[in-house]
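Single-structure report; data block below.
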2 protein chains.
Amino acid sequence: MTSAPRPASPRAARTRGVPEATVARLPVYLRALSALADEGVSTVSSEELATAAGVNSAKLRKDLSYLGSYGTRGVGYDVGYLVYQVSRELGLSQDWPVIIVGLGHLGHALANYGGFVSRGFAIRALVDADPDLVGVEVAGLEVRPIGELEQLVARHGIAIGVIATPATVAQEVCDRLVSAGVSSILNFAPTVLAVPEEVEVRKVDLSIELQILAFHEQRKVGAAHVTRELVEALPGRAAVSS
Amino acid sequence: MTSAPRPASPRAARTRGVPEATVARLPVYLRALSALADEGVSTVSSEELATAAGVNSAKLRKDLSYLGSYGTRGVGYDVGYLVYQVSRELGLSQDWPVIIVGLGHLGHALANYGGFVSRGFAIRALVDADPDLVGVEVAGLEVRPIGELEQLVARHGIAIGVIATPATVAQEVCDRLVSAGVSSILNFAPTVLAVPEEVEVRKVDLSIELQILAFHEQRKVGAAHVTRELVEALPGRAAVSS
DNA sequence: CTCACTTTGTGCCTGGGTTCACAAGCGCTT
DNA sequence: AAGCGCTTGTGAACCCAGGCACAAAGTGAG
Ligand SMILES: NC(=O)c1ccc[n+]([C@@H]2O[C@H](COP(=O)([O-])OP(=O)(O)OC[C@H]3O[C@@H](n4cnc5c(N)ncnc54)[C@H](O)[C@@H]3O)[C@@H](O)[C@H]2O)c1
Ligand SMILES: NC(=O)c1ccc[n+]([C@@H]2O[C@H](COP(=O)([O-])OP(=O)(O)OC[C@H]3O[C@@H](n4cnc5c(N)ncnc54)[C@H](O)[C@@H]3O)[C@@H](O)[C@H]2O)c1
């Protein structure tokens, strides 16, 4: 690496003009907009939409302004048009083929989930290492052996992979997905995945979410009664205050 | 709604001294530390731990410094001691009782997931509105009718609730949980939940994660070959390169 | 006891993101 | 045709977070 200037670009950097934080909110706006469209609402103000999406209205306006000037001053935004624009920006104009690796409890739930199909995604391949699972039909699709991963990815032109295997094999599965050509991965296994720079990984980690909740919960308790009732480790603690 | 001053406290504000971003990383550190402990490693440097957790070492040190000065200069951190300190900070010294509402596909997967129990949580109650599900045993626990929600929360002293119902009833379920005394909620339904300020809500939304991936994927495609080879919808696309 | 080496803890700077506040723009009414 | 009220789009200030770089502090060898 030459000591080239390379100004910044720390991690994901700026994606064209749309900040990463904005991208993460666009799907929320899209959902709120779709709901409004279903209700027959044709126009919405930033204030109303912001409330529905649970954000500050100034933030919403700024977010939308990154996509272009699609509102009308004094009036608001046209719901249908905005749905179209946000969808286009997110790349949801056509369906993205998806592969799920690992069809245990979680994989089954994901495969059966109808919410993906209606939102720009189509599950095209299911693979698992368990011989007992191979051949089983899940959500109208047959589970294929892990050995077919590469050809399935190629055949269906799959760019997005979902990992729902045990953590121990997640990196291995990830490597195979990447070398097969998958460049976006959604990881449910509790592991830090190492991938080439051009591959995008997002993780969903339920334990982490719960632990964050526990942290805040503990603070509330601690703030309430400063007398720490959290003794060492007493799981079967019956009477607390008595 | 008095026009009280209410200076700032924008959202979650600062939680005592630990920044929110740090709290979100502590579970990752904890996992890496636990793995090291299992391997019998007794001491670890910030550099090593940072690599294992996938973060910058300076960031890791700063994060840990919010908990106290638990390292030894020239040596590193004692793994066991740090596990203890991080666990304590996250409030994982004792198990938190959890209730799951909605035992469809996802609820089943969650109830059967062993990763929670080993990380400071204990699923104590399962409720669902479907009469066919009530009485069924899932992961060693009997599903109870939604009507018993309040007493189950009270009986087990539950502070953390997981919502895995359809989005249409999520707010309703949320309201019941809150009024029953639950003050932390993990929401899987694709809805923005309205809750009192003191209640902490975290959401896990798979569609949003996929849509973010789609956004980046689209950018790569657009950047690579401007000639969009993503025709409308051609599911049975057989030969690609041949 | 001193010195060299290692690693932590943190001051400081930079950059991104959020929010406020307001000018610019649009439509409706008179 | 002009004015008025409403809503967008954005400039600017503020705040949080990330990362560099280094002094402080500990260890071990000689
Ligand atoms: N179930 C949950 O609610 C939950 C919650 C949080 C995290 N997770 C994580 O999600 C992952 C899956 O969870 P689960 O409950 O479905 O586990 P599971 O054990 O039910 O399913 C894992 C599946 O992966 C398959 N598998 C194993 N090795 C494989 C390989 N090399 N290639 C392909 N498939 C392979 C297994 O055959 C099995 O079907 C785990 O990493 C778990 O930690 C699950
Ligand atoms: N399955 C997935 O992979 C997945 C992915 C993303 C999001 N989600 C979301 O998670 C939620 C659950 O998904 P699922 O696939 O398990 O759905 P599901 O339909 O299989 O399960 C929903 C369960 O909730 C129960 N329920 C309905 N109304 C209830 C009420 N008022 N009180 C208590 N229980 C009630 C139903 O009886 C059913 O058992 C949905 O909101 C869905 O959008 C699921």
Side-chain angles (χ1 to χ4, degrees), chain A residues 3 5-26 28-29 33 41-79 81-82 85-86 212, chain B residues 3 5-26 28-29 33 41-79 81-82 85-86 212:
Chain A
S3 59
R6 182 63 91 95
S9 181
R11 204 177 6 177
R14 179 61 61 84
T15 314
R16 188 177 65 195
V18 188
E20 195 57 31
T22 296
V23 172
R25 282 187 295 267
L26 289 180
V28 181
Y29 303 157
L33 285 165
V41 177
S42 64
T43 298
V44 68
S45 71
S46 65
E47 199 64 42
E48 294 165 323
L49 186 53
T51 304
V55 301
N56 179 302
S57 70
K59 180 153 58 173
L60 177 117
R61 287 198 298 277
K62 188 158 279 188
D63 282 343
L64 293 182
S65 77
Y66 289 116
L67 314 192
S69 286
Y70 298 136
T72 306
R73 294 172 189 226
V75 177
Y77 300 87
D78 181 274
V79 173
Y81 188 53
L82 205 49
Q85 289 296 346
V86 175
I212 294 172
Chain B
S3 59
R6 185 60 87 93
S9 181
R11 205 177 4 174
R14 176 62 59 85
T15 315
R16 189 178 62 196
V18 188
E20 195 56 32
T22 295
V23 173
R25 282 188 295 268
L26 289 180
V28 180
Y29 303 155
L33 285 166
V41 178
S42 64
T43 297
V44 68
S45 70
S46 64
E47 198 65 42
E48 295 165 322
L49 186 53
T51 304
V55 301
N56 179 301
S57 70
K59 180 155 53 177
L60 176 116
R61 287 197 299 276
K62 188 164 283 186
D63 282 343
L64 293 182
S65 76
Y66 289 116
L67 315 193
S69 287
Y70 299 137
T72 306
R73 296 173 188 224
V75 177
Y77 300 88
D78 181 274
V79 173
Y81 188 53
L82 204 50
Q85 289 297 345
V86 174
I212 294 171

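To find a chain, count down the sequence lines: A is the first, B the second, and so on, and within it residues start at 1.
- For the OP1/OP2 pair of C/dG9 and a distance below 4.0 Å, the side-chain nitrogens and oxygens of B/Tyr77 include at least one atom meeting the criterion.
- Shortest non-hydrogen contact noted between A/Val18 and A/Val23 is CG1-CG2, 3.6 Å.
- The separation between A/Leu64 atom CG and D/dG9 atom C1' is 11 Å, rounded to whole Å.
- Side-chain contact between B/Leu67 and B/Leu26: present, with at least one pair of heavy atoms (C-beta onward) separated by less than 4.5 Å.
- When every heavy atom of A/Val55 is checked against every heavy atom of A/Lys59, the shortest pair comes out as CB-CE, 4.2 Å.
- In terms of phosphate contacts, A/Asn56 brings no side-chain nitrogen or oxygen within less than 4.0 Å of OP1 or OP2 of C/dG17.
- What separates NZ of B/Lys59 from P of D/dA17 is a distance of 11 Å, to the nearest Å.
- The two atoms that bring B/Ala50 and B/Ser57 nearest to each other are CB-CA, 3.5 Å, heavy atoms only.
- Closest to the side chain of A/Ser69, from the set D/dG9, C/dT10, C/dT18, is D/dG9.
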Could you run down the sub-3.5 Å N/O contacts of the protein with nucleotides 11-14 of chain C?
{"from": "C/dG11", "atom 1": "O6", "to": "B/Lys62", "atom 2": "NZ", "distance (Å)": "3.3"}
{"from": "C/dC12", "atom 1": "N4", "to": "B/Lys62", "atom 2": "NZ", "distance (Å)": "3.2"}

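- In this structure, B/Thr72 and B/Thr43 have side chains that are not in contact, with every pair of non-hydrogen atoms separated by 4.5 Å or more.
- Summarising the geometry, atom CG belonging to A/Leu33 is positioned 13.5 Å from atom OH belonging to A/Tyr81; distances are rounded to the nearest 0.5 Å.
- Distance CD1/B/Ile212 to CD/A/Glu20: 7.0 Å, rounded to 0.5 Å.
- Rounded to a whole Å, the CG atom of A/Leu67 is 13 Å from the C1' atom of D/dG9.
- At D/dT7, none of the side-chain N or O atoms of A/Ser46 fall inside 4.0 Å of OP1 or OP2 (strictly under the cut-off).
- Between the CG atom of B/Leu60 and the C1' atom of C/dT7 there is a distance of 12 Å, given to the nearest Å.
- Atoms OH (A/Tyr66) and C1' (D/dG11) sit 12 Å apart, rounded to a whole Å.
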Short N/O separations, protein against nucleotides 26-28 of chain D, under 3.5 angstrom:
none

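- Close to C/dA21, at under 4.0 Å from its OP1 or OP2, lies no side-chain N or O of A/Arg61.
- The side-chain heavy atoms of A/Arg61 and A/Tyr77, taken from C-beta on, include a pair separated by under 4.5 Å.
- Looking at heavy atoms from C-beta onward, B/Tyr70 lies out of side-chain contact with B/Leu64 at the 4.5 angstrom threshold.
- Straight-line distance from the CD atom of A/Glu48 to the C1' atom of D/dT7: 11 Å, rounded to whole Å.
- Residue-to-nucleotide proximity on DNA chain C shows that, of A/Arg25 and B/Ser65, the 5′-proximal contact is made by B/Ser65.
- Residue A/Tyr70 contributes atom OH, which lies 16 Å from atom P of C/dC26 at whole-angstrom precision.
- Counting to the nearest Å, the C1' atom of D/dT8 and the CG atom of A/Leu82 are 13 Å from each other.
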